[in-house]
Structure formats: structure tokens, C-alpha cells
Amino acid sequence: MPRPADTPDSVPPKTVLVTGGCGFIGSALVRLLIHHTPHRVVNLDALTYAGSPSNVEDVASDRRYAFVEGDVTDERMLDATFGTYGPDAVVHLAAETHVDRSIDGPAAFVRTNVLGTFELLEAARRHLRTRTPFERQAFRFVHVSTDEVFGSLGATGRFGRDTPYDPRSPYSASKAGSDHLARAAHHTFGLPVIVTNCSNNYGPYQFPEKLVPHTVLRALHGLELPVYGDGRNVRDWLHVDDHARGLTLALERGSPGSTYLFGADQERTTLDVVEAICGVLDEVRPAAAPHARLIAFVEDRPGHDFRYAIDADGARRELGWNRRTTFDEGIRETVAWYLEHLEWCERRAGARHGLERLGTLGT
Ligand SMILES: NC(=O)c1ccc[n+]([C@@H]2O[C@H](COP(=O)([O-])OP(=O)(O)OC[C@H]3O[C@@H](n4cnc5c(N)ncnc54)[C@H](O)[C@@H]3O)[C@@H](O)[C@H]2O)c1
């Protein structure tokens, strides 16, 4: 269950256009907004391989929820959606998101992440021309991005708001391009844009190609658990519900033109994460223990960034945000969720599809 947002009862209800609300983080945000805030949600999603209405089925019949199937690059559909629902805010999550896929086929990343963000910003600008000055002032466009735009850290240091961009994969380059367009729309046209950059998320409803569900499902099938390179690449792991709360606070309390970074102060190597998952599986499925015997070191991802870490002080100070879930409790809960939702996993990814290696440059 999503955790409640720190939303005071006095927050006036907004109509929030959430793009990518059938994906992993988008669906967590949609569930949170419907269950724990007074806001109305219009979920706009193209339902690519990564999105499914089943991710939001527990809110689908709520009268404050509406779904529009559409592509963020489709200018006419965007104008029609803004015209029909008259949103007071946008939270833009729709994107191509898997780094390995961006190595195999970067074009889709440029199309959705760069062009799609541009079209959405333009549609929001056209929409605001039809609104009253008061509505224009209250409008917010929250653009959701990643810490990957900052490049790679060495053993020390953290990314902050002022860290220069240095994207190094087609995915992070396309996200960086979209962040620049979003900030430019604020500086040039006065669109009330807020940019957020977040560290690695984990939690329920993540498409099974990503590390955590991928590892759980492969372990259940008794398959090797591939760990790229020497497994020492470091990421800061944040529970998806903590991210969704941060986005809600950015929407309600964020200042236009500002950037908020969300991170968990919980750095773990890839090997730490895979071993933590194996440890939980050993407890709940002791007959197959030790699951760590399945770990296999495989050729590294091309251009694999070594370390990401986030300084989230600004979000804590200015939004009153704090992560609530520790990695140890979150990973336990998450592994349990996938074990209880094997049918969801198979419906989403097929019994084996999504468990294969991508992004090796064909070597
Ligand atoms: N997953 C992470 O760890 C992480 C961390 C930081 C930031 N982010 C960002 O958060 C956002 C959401 O990430 P996620 O992991 O939930 O992604 P996801 O891949 O699980 O979901 C993406 C959603 O966008 C939809 N979509 C894709 N292309 C579209 C298009 N052209 N038009 C409309 N909808 C489209 C998909 O159908 C899907 O529902 C992304 O912008 C991503 O860059 C993700």
C-alpha cells in the first residue's frame, strides 16, 4: 500500500495530469494521489511494454480517476486531453527508461523522452493561454528526471542541485535533453516548471527487466543471477513510495524554477542488492537456499557509470520530505510482494520474456 503523503487536509483539490501513470513510479504516484490526497488524476499513458492498466486497477473505478490512452508525442491528442480535463498541474513521468534498451535502440528514447517532453511542454503552454491569470499562477509542471543525468562519481562526493550535467548513456542523454527543455520553458516562457532528479527506485509493480524483480524471478526459476562486471557499481536505493511522496510534495509545495533531488542515503553495490534479495529468499524458500550460489559475474554494461549518490538536503529543507523506508525493510517487503504477485509478473512479462540479457552491443 502506498504510504500517505504529508498532505495537509487544507490542500485544495487539483486536477493532475500524470503521464506514464501505468508504469512503475507513475502507478505508485497515481495510487498515492487517489488514496491519500483530495486530487483528481488524469492518467495519460501510451501503454508501451512497460505500462499496464493492471498497475492501477485498484483505483480505476474511483470517480476522481480517468485514463487516456495516448502518446506524449501526439500534439493533437495532448491538446484534446488538456481541453477535456483542464488540468491544474502536470506530473510528467512518461519515458523510455531502461538503460540496456537504450544501448540496443536509442531512437525510441530520443523520440519519447526528448520530443515527447517538448510536445507536452508546448501543449501545457497552449493550455495556459486559455486559463485565468490566477489559474496560470497556480499551475505546476513537475518534470520527473533521474540522477543519471549527472554522470558518474568516484568513491566519494554526492550529486547536488548545481552539479553539471554529464550524461553518458543514450537513456541519460535523452533525460538530460528533456530536463534542459523543461528548464528552458520556465526561463524563456515563464512556464511554472519544477524539475526533480531521483536516485534508483525499487518496490512493487516494477517491470521485470529491472534489477530487483529480475533477480527475484530468475532466482525462482533457478536461473543464474547475472551481476554486471565485478558488481561493485554503487547506486542509492529509494523505495518508490518515498519517491511518490516527494513528487506529491513538489507538486503541492515546490517553487517554480526549482530543482529537488530525492535520494535515500542508502548506497548499495549491485552485489549488495542481489545478495540482500538472496538472503530474503533463503528465509522464505529455505529448500532452495543458498540462492547466492546462482550469482554469476557477466560482462559489464558498456559505459556503466561507477557510482551515483544524492544530496537530498534541499528537498528535506524546502519540501519537508524525508524517506521513510530503510533499504533492509523495503527490500524484504518488495521481495515478498513479487512472491505474492507471480501471476502479475507472468502477465506483465511472460513466463520467461524480460529475463534475458539486453544492451551488450551484440558481443
Ligand atoms: N525507475 C527509476 O529508478 C527512476 C529513477 C529516477 C527517475 N526515473 C524517471 O521516472 C519516470 C518513470 O520511470 P519508471 O521507472 O516508472 O518507468 P517505466 O518504464 O516503468 O514506465 C514508463 C511509463 O511511460 C509510458 N510511456 C512510455 N512512452 C510513452 C509515450 N511516448 N507516451 C505516453 N506514455 C509513454 C509507459 O507505457 C509506462 O507506463 C521516468 O521519467 C524515469 O526517467 C526513474
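Read the numbers this way: they start at 1 and go in the same order the structure lists the ligands and their atoms.
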Any N/O of Asp45 closer than 3.5 Å to an N/O of ligand 1? yes
Does NZ or CZ of Arg301 come closer than 6.0 Å to the centre of the six-membered ring of Tyr228, within 45° of the ring's axis? no
Side chain or backbone of His98 under 4.0 Å from ligand 1, or both, or neither, by non-hydrogen atoms? neither
Would you call the rings of Phe262 and His243 parallel, tilted or perpendicular, taking 30° and 60° as the class edges? tilted
Specify the protein heavy atom at minimum distance from atom 19 (O) of ligand 1: its residue, its atom name, and the distance to 0.1 Å. Thr97 OG1, 2.7 Å
Identify, by atom number and element, the atoms of ligand 1 in contact range of Val144, meaning under 4.0 Å from any of its heavy atoms. 10 (O), 41 (O)
For ligand 1, which is the ligand I care about here, please tell me if Glu96 has any N or O atom under 3.5 Å from one of the ligand's N or O atoms. no
Can you list the atoms of ligand 1 that are under 4.0 Å from a heavy atom of Ser199? 5 (C), 6 (C)
Note the single closest protein heavy atom to atom 21 (O) of ligand 1, along with its residue, its atom name and the distance in Å. Gly23 CA, 3.4 Å
Between ligand 1 and Thr73, is the shortest N or O to N or O distance under 3.5 Å? no
Gln137 atom CD, neighbour heavy-atom count above 12 within 6.0 Å: no
Logged contact type for Tyr171 with ligand 1, heavy-atom cut-off 4.0 Å, is side chain
Below 3.5 angstrom, do we get any N/O pair linking Asn201 and ligand 1? yes
shortest atom 12 (C) of ligand 1-to-protein heavy-atom contact is with Leu93 O, 3.5 Å
Between Arg101 and Asp104, does any NZ, NE, NH1 or NH2 come within less than 4.0 Å of an OD or OE carboxylate oxygen? no
Any idea which protein heavy atom is nearest atom 2 (C) of ligand 1, and the distance to it? Ile25 CD1, 3.8 Å
Using the side chain to side chain contact (heavy atoms under 4.5 Å, CB included) criterion, which residues pair with Gln266? Sequence neighbours excluded. Asp236, Ala264, Arg268, Arg323, Thr326, Phe327
Residues that Ser54 engages under side chain to side chain contact (heavy atoms under 4.5 Å, CB included), provided they are two or more places apart: Ser52, Glu57, Trp344, Arg347, Arg348
Can you tell me how far the CZ atom of Phe159 sits from the CG atom of Leu153, to the nearest 0.5 Å? 3.5 Å
Return a yes/no value for Asn200: is any of its N or O atoms, backbone included, closer than 3.5 angstrom to an N or O of ligand 1? no
Enumerate the atoms of ligand 1 whose separation from the nearest heavy atom of Gly51 is less than 4.0 angstrom. 37 (O), 38 (C), 39 (O)
Where ligand 1 meets Leu47 - atom numbers and elements under 4.0 angstrom, heavy-atom basis: 37 (O)
What residue and heavy atom of the protein are closest to atom 36 (C) of ligand 1, and at what distance? Thr48 OG1, 3.3 Å
Fit a plane to each ring of Phe82 and His127, take the angle between them on a 0 to 90° scale, and name the class: parallel (under 30°), tilted (30 to 60°) or perpendicular (over 60°). tilted
Atom indices of ligand 1, in the order listed, that fall short of 4.0 Å to a heavy atom of Ala95: 22 (C), 24 (O), 27 (C), 40 (C), 41 (O)
Taking the non-hydrogen atoms of Gly21, is any one of them nearer than 4.0 angstrom to ligand 1? no
Any idea which protein heavy atom is nearest atom 15 (O) of ligand 1, and the distance to it? Phe24 CD2, 3.7 Å
What atoms of ligand 1 come within less than 4.0 Å of a heavy atom belonging to Thr146? 6 (C), 7 (C)
Do the charged groups of Asp242 and Arg245 touch, with an N to O distance under 4.0 Å? yes
Using a strict 4.0 Å cut-off to heavy atoms of Lys175, name the atoms of ligand 1 that fall inside it. 40 (C), 41 (O), 42 (C), 43 (O)
The answer for which part of Asn113 has a heavy atom under 4.0 Å from ligand 1 is neither
Test of proximity, Ala94 against ligand 1: N or O pairs below 3.5 Å: no
Charged N to carboxylate O under 4.0 angstrom, Asp265 versus Arg158? yes
Of all the non-hydrogen atoms in the protein, which one sits nearest to atom 32 (N) of ligand 1, and at what distance? Val72 N, 3.0 Å
Using a strict 4.0 Å cut-off to heavy atoms of Cys198, name the atoms of ligand 1 that fall inside it. 5 (C), 6 (C)
Kindly compute the distance separating CZ (Arg111) from CG (Asp71), expressed to the nearest 0.5 Å. 4.5 Å
Kindly confirm or rule out an N or O of Leu44 lying under 3.5 angstrom from an N or O of ligand 1. no
How long is the gap from CZ on Arg232 to OG1 on Thr269, to the nearest 0.5 Å? 9.0 Å
Which is it for Ser145 and ligand 1 at heavy atoms under 4.0 Å: side chain, backbone, both or neither? backbone
What is the nearest protein non-hydrogen atom to atom 34 (N) of ligand 1, stated with its residue, atom name and distance? Ala46 N, 3.1 Å
So how far is it from Ile277 CD1 to Tyr338 OH, rounded to the nearest 0.5 Å? 9.5 Å
Angle between ring planes, His180 versus Tyr165, binned at 30° and 60°: parallel, tilted or perpendicular? tilted
Chi angles and distances behind the salt bridge (Lys or Arg N to Asp or Glu O under 4.0 Å) call for Asp147, Lys175: CA-CA 10 Å; Asp147 58 358; Lys175 290 298 292 185; over 6 Å; no
pair Phe141-His92: side-chain heavy atoms closer than 4.5 Å: yes
Mind checking the CZ-CG spacing from Phe67 to Leu44? Nearest 0.5 Å is all I need. 8.0 Å
Is it the case that ligand 1 has an N or O less than 3.5 angstrom from some N or O of His243? no
